[in-house]
Amino acid sequence: MSDPIHYGKQQIDQDDVQAVVDTLNSAFLTQGPQVAQFEQALANYVGSAHAIACSNGTAALHLACMSLGVVTGDIVWTSAISFVASANCALYCGASISFIDIDADTGNISVAALTQKLQQAKHTDSLPKVIVVVHLAGNSCDMQAISELCKPLGIKLIEDACHALGASYQGDKVGNGKYSDCCVFSFHPVKSITSAEGGMITTNDSNTAKRLKQLASHGITKHPTELQLAGQPNWYYEQQSLGYNYRLSDLHAALGLSQLAKLNTFIERRKLIFQQYQTALSVGNLTLLEQNPEGESAHHLVVVLIPNNKRDAVYQRLADMKIHCQLHYMPIYRQPYHRISDAAINTFSGAEQYFANALSLPVYPDLSHQQQQRVIQSLLEIVNE
Ligand SMILES: *Cc1c(COP(=O)(O)O)cnc(C)c1O
């Protein structure tokens with residue numbers, strides 16, 4: 001019997017192992033030089049002025065919301081289809097969350113739905129302070145259109161790019177901050193690169209960067225130019241706001257830095273796998289999520305759309321064959337904690353359609369040609385029965 005195949009997993013090589021071992025043998029396990037190097041390398045890669053490392057992508061989202069001033073009573077919007085962390089970050093700040101419908105063909109925020117929701121919110125004086133935009137599956141949203149709608153209204157944008165490290169949009173890397181205030185990445189093992197746990201926020205605003213750095217470490221600064229009291233001895237530090245211990249350790253940063261050197265190779269491999277699925281599945285009349293013509297996806301997920309309410313049956317049949325797919329995601333508003341009324345659910349036609357049909361197929365750099373053929377053959381066999 002063949003080995004089980006999962007929808008995603010990391011690739012770790014000897015360089016990665018050595019990078020972590022070297023750090024273990026160094027003077028610093030945390031708050032050492034690896035974190036700063038990882039931050040600089042990632043900022044260089046995406047083309048942002050600043051990058052701030054933190055303990056995971058969820059902490060990165062929380063920090064991004066805090067740094068943009070989200071507080072109790074504020075309103076934040078996010079995509080109906082994302083991981084729950086895209087919504088929870090607002091609630092951590094005491095804000096309320098509301099969902100924007102998606103385009104069922106791309107899985108990303110529908111610009112038409114956003115336009116309509118903004119118009120309604122203007123009438124009821126309930127515009128959001130921040131919108132968390134999600135690049136589902138690694139495929140960029142229409143950031144220019146979203147930014148043109150939001151900027152004139154003073155709404156700040158956070159890109160949840162946890163799927164999209166390595167992706168580009170209009171010729172620039174996602175994370176360069178051309179159309180947003182903050183962009184957030186995760187280094188969980190299923191993502192483009194891993195640091196086991198880890199996250200990063202990129203921004204071009206130096207004040208936001210300063211706040212992010214402080215908030216990730218208790219709200220404390222030691223930086224001479226940032227201190228409120230002058231002429232203090234060298235041991236002196238100040239807590240200037242209520243922050244958290246959301247730091248990344250040097251062990252994690254060493255792994256992340258080593259992985260970053262392989263990011264482009266990983267993305268190339270994912271792209272090839274995506275193209276092979278595209279070709280093989282079109283023969284079986286199955287469609288994948290549409291790609292943004294203005295972008296290049298990071299291919300974090302390959303989402304196939306299975307019509308006629310057959311998705312759950314297909315999922316189970318594949319699982320019985322040890323091919324473990326996943327649904328990314330059930331709409332957040334259907335989670336018991338976030339549940340909205342049935343009448344409200346009916347207004348999300350895009351998210352509901354996507355939710356009925358979507359299935360994420362295995363894609364990761366180490367997926368062999370043979371394994372992918374097994375996935376394709378099994379899937380075609382099941383849907384053509
Ligand atoms: C993975 C992920 C997160 C959270 O990242 P963690 O590092 O696991 O905390 C947030 N949003 C999206 C879209 C993700 O895929």
Side-chain angles (χ1 to χ4, degrees), residues 6-10 35 38 42 51-66 76-93 97 99-100 102 106-109 130-141 143 157-167 174-175 180 182-202 212 216 244-249 251-253 255-256 259-260 270 289 297-303 326-333 335 337-338 351 354-355 358 360 363-364:
H6 295 271
Y7 85 86
K9 78 171 193 204
Q10 73 277 13
V35 170
F38 187 29
L42 194 116
I52 292 87
C54 61
S55 44
N56 54 64
T58 304
L61 284 165
H62 184 194
L63 289 168
C65 284
M66 279 193 288
V76 174
W77 293 356
T78 192
S79 174
I81 299 290
S82 185
F83 184 53
V84 291
S86 310
N88 291 342
C89 57
L91 305 188
Y92 296 154
C93 297
I97 191 79
F99 300 100
I100 309 162
I102 60 147
T106 66
N108 280 336
I109 284 177
V130 165
I131 297 180
V132 179
V133 176
V134 183
H135 305 309
L136 195 79
N139 180 43
S140 177
C141 294
M143 287 308 296
L157 294 179
I158 296 172
E159 294 174 78
D160 180 340
C162 289
H163 294 184
L165 178 61
V174 168
S180 68
C182 287
C183 183
V184 164
F185 298 102
S186 162
F187 311 119
H188 180 279
V190 296
K191 308 294 163 86
S192 300
I193 61 167
T194 188
S195 64
E197 294 278 358
M200 196 87 81
I201 310 121
T202 61
L212 286 165
Y244 294 79
N245 181 350
Y246 276 170
R247 291 187 305 258
L248 190 70
S249 84
L251 290 177
H252 293 88
L255 178 55
Q259 287 258 304
L260 186 57
R270 286 176 176 275
L289 276 187
S297 179
H299 301 293
H300 169 62
L301 303 173
V302 174
V303 177
Q326 182 56 284
L327 166 62
H328 299 93
Y329 300 89
M330 178 169 84
I332 300 175
Y333 57 70
Q335 292 290 349
Y337 185 78
H338 293 278
Y354 173 90
F355 169 48
S360 303
V363 56
Y364 48 89

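Both counts, for ligands and for their atoms, begin at 1 and track the order of listing.
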For ligand 1, is F185 a contact, meaning one of its heavy atoms is under 4.0 Å away? no
Spell out, as yes or no, whether a donor-acceptor pair under 3.5 Å connects the side chain of H300 to the backbone of A164. no
With sequence neighbours excluded, what pairs up with N56 under the side-chain contact (heavy atoms from CB on, under 4.5 Å) test? T58, A59, E197
Kindly write out the residues that satisfy side-chain contact (heavy atoms from CB on, under 4.5 Å) with A358, not counting sequence neighbours, or none if the list is empty. V303, L305, L327, Y354
Going by distance only, is there an N or O of C162 that falls short of 3.5 Å from an N or O of ligand 1? no
Atoms in ligand 1 flagged as close to S82, the criterion being non-hydrogen separation under 4.0 Å: 13 (C)
Looking at S192 and G166, would you say the former's side chain and the latter's main chain have a donor-acceptor pair under 3.5 Å? no
Answer yes if the side chains of H163 and N139 hold a donor-acceptor pair under 3.5 Å, and no otherwise. no
Out of K191, H163, H188, indicate the one that has the non-hydrogen atom closest to atom 2 (C) of ligand 1. K191
Report yes or no: does T194 contribute a side-chain atom to a donor-acceptor pair with the main-chain N or O of F187 at less than 3.5 Å? yes
Quick one: which of A59, A164, S186 has a heavy atom closest to atom 8 (O) of ligand 1? S186
Would you confirm whether S297, through its side chain, and G138, through its main-chain N or O, come within 3.5 Å as a donor-acceptor pair? yes
Counting from 1 in the order shown, the ligand 1 atoms closer than 4.0 Å to a non-hydrogen atom of N56 are 7 (O), 9 (O)
Tell me the protein heavy atom at minimum distance from atom 6 (P) of ligand 1, and give that distance in Å. G57 N, 3.4 Å
Would G199 count as a contact residue for ligand 1, given that I'm defining contact as a non-hydrogen atom of the residue lying under 4.0 Å from a ligand atom? no
Of H328, R270, Q326, the residue whose pairing with L301 passes side chain to side chain contact (heavy atoms under 4.5 Å, CB included): H328
At what distance is the nearest protein heavy atom to atom 4 (C) of ligand 1, and which residue and atom is it? T58 OG1, 3.5 Å
Any N/O of E197 closer than 3.5 Å to an N/O of ligand 1? no
Test of understanding: given a 4.0 Å heavy-atom threshold, classify the contact between D160 and ligand 1 as side chain, backbone, both, or neither. side chain
What atoms in ligand 1 come closer than 4.0 Å to a heavy atom of Y329? 15 (O)
